[in-house]
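Heads up: the structure comes next, in structure tokens.
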Amino acid sequence: MTFKAAAIQMCSGVDPVKNAADMARLVREGASQGAVYVQTPEMTGAVQKDRPGLRAVLRDEAGDIIVKTAAELAKELGIYLHIGSTAIALDDGKIANRGFLFGPDGKLVNRYDKIHMFDVDLDNGESWRESAVYRPGSEARITSLPFAELGFSICYDVRFPQLFRAQAVAGAEVMTVPAAFTRQTGEAHWEILLRARAIENGMFVIAAAQAGKHEDGRETFGHSMIIDPWGKVLASAGGTGEAVVIAEIDIAAVKAAHDKIPNLKNAREFSLEKIATPAAGGVAA
């Protein structure tokens, strides 16, 4: 089975209302080109590093404008619309970095909370502590669509191959990696990581990204892309500004990749032993 997929590249600002309008315009563009699955980037609703500023525009899931707009769009266009993620206010004062998948009837099909928190200090002086603000998820999820088995991740999750392997073993054929990669880490690792996850699991990878200089001062890497199970980049965007990346997904390519390189089937359990270096003249116990 084949289907058209679209990865929407955005440069979201601090105003969710404007971001929702930009998202709607780009999603309509993707659907007009025949995409039946459309993915937006991480933090579609607001890219805002000022925590009080972010909290001021946060809403719970029922009141979030991105969630509301996405449900309406999916129904209007008759597509599966995947909001890569947006910030959702939780009852405990924390925030969820949460993705949503809506079906052609406008109903919520699945949601996913980012599991791995980006707590790092970069060489250029950038420091991020997502765990101070966000509540991490704890559950991986796969959705059975009419045309593919769809797995979920968000941004930093791509650095944890065990998450992708678990979903591949469970039958995922397409993995999603909506992101807001920093320029520094994106230049170093973005495409390499995405292609590696596709190759080692024999699956398609769809990655919609934030791109360019944002209102809050940060800069994201962009280069949204769609990759096939053999690691070939089927379509990609540039490093700045909006874009709609379209590719034809042939799910038969997943089985073909698994037949050629059956590493999922050939995996074996193993033990690990750490041997201490013996002292001079001694023998390790």
(request) Indicate yes or no for a side-chain donor-acceptor contact from Glu215 to the backbone of Val14 under 3.5 Å, with no hydrogens or angles considered. (result) yes
(request) Carefully, step by step, assess Asp157 and Phe152 under the rule side chain to side chain contact (heavy atoms under 4.5 Å, CB included). (result) CA-CA 9 Å; Asp157 284 335; Phe152 295 85; over 6 Å; no
(request) Indicate yes or no for a side-chain donor-acceptor contact from Thr185 to the backbone of Trp190 under 3.5 Å, with no hydrogens or angles considered. (result) no
(request) For residues Ala70 and Leu81, report the shortest heavy-atom separation together with the two atoms involved. (result) O-CD2, 3.5 Å
(request) Using atom types as modelled and distance alone, determine if a side-chain donor or acceptor of His82 lies under 3.5 Å from a backbone N or O of Pro178. (result) no
(message) Parallel, tilted or perpendicular, judged at 30° and 60°: which one describes the rings of His116 and Phe160?
(response) parallel
(request) Using atom types as modelled and distance alone, determine if a side-chain donor or acceptor of Arg218 lies under 3.5 Å from a backbone N or O of Val47. (result) no
(request) May I ask you to say whether Lys49 pairs ionically with Asp216, meaning some side-chain N is under 4.0 Å from a carboxylate O? (result) no
(request) Give a yes or no on whether the backbone of Glu200 and the side-chain of Asn263 come within a donor-acceptor separation of less than 3.5 Å. (result) yes
(request) Take His214 and Thr220 through the test side chain to side chain contact (heavy atoms under 4.5 Å, CB included) and record every step on the way to the result. (result) CA-CA 8 Å; His214 299 262; Thr220 51; 2.6 Å; yes
(message) Donor-acceptor check, side chain of Arg197 to backbone of Val158, threshold 3.5 angstrom: yes or no?
(response) yes
(request) Using side-chain contact (heavy atoms from CB on, under 4.5 Å) as the criterion, point out the one residue from Pro136, Ser85, Cys155 that pairs with Asn97. (result) Ser85
(request) Using a strict 4.0 Å threshold on nitrogen-to-oxygen distance, state whether Lys68 and Glu72 make a salt bridge. (result) yes
(message) For Arg183 and Glu187: C-alpha separation, side-chain torsions, deciding distance, then whether salt bridge (Lys or Arg N to Asp or Glu O under 4.0 Å) applies.
(response) CA-CA 6 Å; Arg183 175 158 295 281; Glu187 288 175 345; 3.5 Å; yes
(request) Give a yes or no on whether a salt bridge exists between Lys255 and Asp259, defined as a side-chain N under 4.0 angstrom from a carboxylate O. (result) yes
(message) With a 3.5 Å distance limit and no angle check, can you tell me whether Asn19 reaches the backbone of Gly45 through a side-chain donor-acceptor pair?
(response) yes
(message) Looking at every heavy atom in both Ala7 and Ser224, which two are closest together, and how far apart are they?
(response) CB-CB, 4.5 Å
(request) Scan side-chain atoms only and decide if Ser12 and Gln210 contain a donor-acceptor pair under the 3.5 Å cut-off. (result) yes
(message) Can you tell me how far apart OH (Tyr80) and CG (Asp105) are? Round to the nearest 0.5 Å.
(response) 7.5 Å
(request) Please check if Leu150 and Phe102 belong to a single hydrophobic cluster, counting links between Ile, Leu, Val, Met, Phe, Trp and Tyr side chain heavy atoms closer than 4.5 Å. (result) no
(message) Tell me whether Val205 shares a hydrophobic cluster with Val169, the cluster being built from Ile, Leu, Val, Met, Phe, Trp, Tyr side chains joined at under 4.5 Å.
(response) no
(message) Check Asp92 with Arg135, please: is the shortest side-chain N to carboxylate O separation under 4.0 Å?
(response) yes
(request) Please check if the side chain of Glu173 supplies one atom and the backbone of Glu149 the other of a donor-acceptor pair under 3.5 Å. (result) yes
